[in-house]
Amino acid sequence: MEFTYLHNKCISPSLTVLSRVSISFSNLPKRAVSFHRRRRNLCFATLVDGKRPGEVVSERGGEEEDGFGDLKSWMLNNGLPPCKVVLKERSSHDKELLPIRYVAASEDLQASDVAVSVPNSLVVTLERVLGNETLAELLTTNKLSELACLALYLMYEKKQGKKSFWYPYIKELDRQRGRGQLAVESPLLWSEAELAYLTGSPTKAEVLDRADGIKREYEELDTVWFMAGSLFQQYPYDIPTEAFPFEIFKQAFVAIQSCVVHLQKVSLARRFALVPLGPPLLAYSSNCKAMLTAVDGAVELVVDRPYKAGEPIVVWCGPQPNSKLLLNYGFVDEDNPYDRIAVEAALNTEDPQYQDKRMVAQRNGKLSVQVFQVYAGKEKEAVSDILPYLRLGYVSDPSEMQSVISSQGPVCPVSPCMEQAVLDQLTVYFRTRLAGYCTSISEDELMLADPNLNPKKRVATQLVRLEKKMLSACLQATVDLINQLPDHAVSPCPAPYAPLLK
């Protein structure tokens, strides 16, 4: 299904959609129709008649009126020990949306202080949802991800309205609307015009591939219904694909993706967890060591640095490049030490010596299709790592190939014309990738200097600018090597079976 169509059908990019599910009454038995009509005002509390799709009515004041209080109060009433955090607000770029909430220190903290310890009774995992670890592992090793199962569970819970134990938590997720602390949704929920901001970046294709993956998971949702029927007996609704349109599930999936925590050293059924007072209320950072950690009976956060009262608390997002941070959480970290781009090189399968070259590549820890990771600030090292692989692909003389096979290490005979050909191919490759972007680095910097730049365009521009800087550094490193060649009059060797770069 075309991505543009899906986006235009979207209502709002978050778990707010959980309260906006519309079920086709023509497909429901009369008993269910009657039940849904009776429950409509309760289950669809944030759906306001006459409002535009995506428009939200402020819930300030309503939090006390509904008797449930705020998220932290609910948690304290249900077993949360005294903690050292508080929920604060900052305005959203979209005036129609509620402010972004975030977790801040409620008092001065020192490194190694436990800021909050959330008991397992307030943590959503597959083990808790399904009540059966074996079933949870079966589901997630089949065709469904943990995210799909968790999204489905909360979608059904949302239908319970205030009767659901998780109502205050889901309400907070509704409020956040899948936005990270920069108030930007994942590109999975952007329009086609907004995705154009990523033109030239491999991230654009990754977004479309991930959207296709979510579609495939949606088509397998009924598996959960049939395999875990006892779980869903409390929900008098249709099977998932009849109860929830794909657009709704996609938005819920993306919202869960933005806030799920990957716990370490726990069983498969507990490794992905939804933790109240965790993300997206906690901001992610690439340059910290604090993590939400599973301990005996709880998930706790030990801070890695001092905080003054009122300062936002950050946690580590894992060793993810900026492309994944944008895709998963809607932000880009300018100082990300794990930022990288990929260069894929492949031996030419039409080469008569392909099998010999494949064997030599494997002997040196490389594959016939090898992905080289280019890390920010280490572009020269990346180019040096790519060159031996390309040289192997350029060997054409059978006697030279035998010499390579009998040698130890990734050593290929390097003639001046071969080196010129290899470096020329790399130069053309990096220039072609740079030409695929719509703007130059200097133009990106001018746009980023505009304080009124659209937030989605801002994060997209941050991403492509950082990618272009890495590509430009790779190109410069390659040009520097060409300038170091002893004889610039040498023509590149012909290469009928040159390696492929993409």
Side-chain angles (χ1 to χ4, degrees), residues 58-64 68-93 95 97-123 168-169 171-184 258-261 263 273-318 325 329-337 451 455:
S58 174
E59 298 179 23
R60 295 176 191 172
E63 291 176 344
E64 294 180 1
F68 283 84
D70 63 21
L71 178 67
K72 185 179 174 184
S73 296
W74 167 73
M75 295 177 69
L76 289 169
N77 291 335
N78 286 278
L80 178 72
C83 58
K84 301 176 181 179
V85 300
V86 65
L87 284 178
K88 297 178 74 69
E89 291 184 355
R90 66 167 63 93
S91 60
S92 172
H93 63 86
K95 301 305 180 184
L97 301 181
L98 293 172
I100 290 288
R101 280 185 176 159
Y102 62 95
V103 171
S106 60
E107 59 188 74
D108 291 352
L109 299 177
Q110 299 301 318
S112 77
D113 281 354
V114 177
V116 62
S117 181
V118 181
N120 286 345
S121 59
L122 293 173
V123 176
Y169 178 46
K171 184 178 178 182
E172 190 64 41
L173 295 180
D174 285 351
R175 180 191 179 94
Q176 295 297 111
R177 299 169 60 86
R179 302 170 294 173
Q181 288 301 314
L182 295 182
V184 176
S258 72
C259 61
V260 74
V261 175
L263 298 177
L274 300 176
V275 184
L277 294 182
L281 297 172
L282 278 173
Y284 275 129
S285 171
S286 299
N287 290 290
C288 77
K289 298 178 181 178
M291 297 174 60
L292 285 163
T293 307
V295 296
D296 186 24
V299 175
E300 72 175 18
L301 173 62
V302 177
V303 297
D304 68 331
R305 63 192 69 184
Y307 287 94
K308 294 292 185 184
E311 288 184 343
I313 294 178
V314 297
V315 293
W316 188 46
C317 54
L325 296 182
Y329 313 116
F331 81 98
V332 169
D333 188 342
E334 294 271 0
D335 300 315
N336 185 355

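Index from 1, following the sequence. Computed from heavy atoms alone, side chains included, the values below leave out hydrogens, waters and symmetry copies.
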In this structure, CG of N336 is separated from OH of Y284 (nearest 0.5 Å) by 13.5 Å

One should read off an interatomic distance between K84 NZ and S117 OG, to the nearest 0.5 angstrom, of 11.5 Å

- Non-hydrogen side-chain atoms of P337 and S286 separated by less than 4.5 Å: yes

The reported gap from CD in E172 to CG in L281 (rounded to nearest 0.5 angstrom) is 5.0 Å

Residues at least two apart in sequence or cross-chain that pass side chain to side chain contact (heavy atoms under 4.5 Å, CB included) with P81, listed by chain then number, are P119

Correct closest heavy-atom pair for K88 and G310 would be CD-O, 3.7 Å

Closest heavy-atom pair, L274 versus C259, reported as atoms and distance to 0.1 Å, is CD2-SG, 3.8 Å

Shortest non-hydrogen pair, L292 vs G278, comes out as CD1-CA, 4.1 Å

Checking D108 side chain against K308 main chain: does a donor-acceptor pair fall under 3.5 Å? no

On a heavy-atom basis, the closest approach of P276 and L122 is CD-O, 2.9 Å

- Under 3.5 Å, is there a donor-acceptor pair between the side chain of K72 and the main chain of V85? yes

Heavy-atom donor-acceptor pair, D113 side chain to A115 backbone, under 3.5 Å = no

Side chain to side chain contact (heavy atoms under 4.5 Å, CB included) with K289: of D304, V315, V302, V303, only one passes, and it is D304

| Between V261 and V299, does a side chain to side chain contact (heavy atoms under 4.5 Å, CB included) hold up when you go through it step by step? | CA-CA 10 Å; V261 175; V299 175; 5.7 Å; no

Quick check: do P312 and R90 have side-chain heavy atoms less than 4.5 Å from each other?
yes

Heavy atoms of A105 and Y307 approach each other most closely as CB-CB, 4.0 Å

CD1 (I313) and OG (S285) are apart, to the nearest 0.5 Å, by 13.0 Å

Can any side-chain N or O of D335 pair as donor or acceptor with the backbone N or O of N287 at less than 3.5 Å?
no

What one should report as the nearest heavy-atom pair of L277 and V103 is O-CG2, 3.6 Å

Separation between SG (C317) and CG (L282), nearest 0.5 Å, reads 12.5 Å

Determine, stepwise, if the pair R305 / V314 fulfils side chain to side chain contact (heavy atoms under 4.5 Å, CB included).
CA-CA 10 Å; R305 63 192 69 184; V314 297; 4.2 Å; yes

Output for pair (E89 CD, Y102 OH), nearest 0.5 Å, gives 9.0 Å

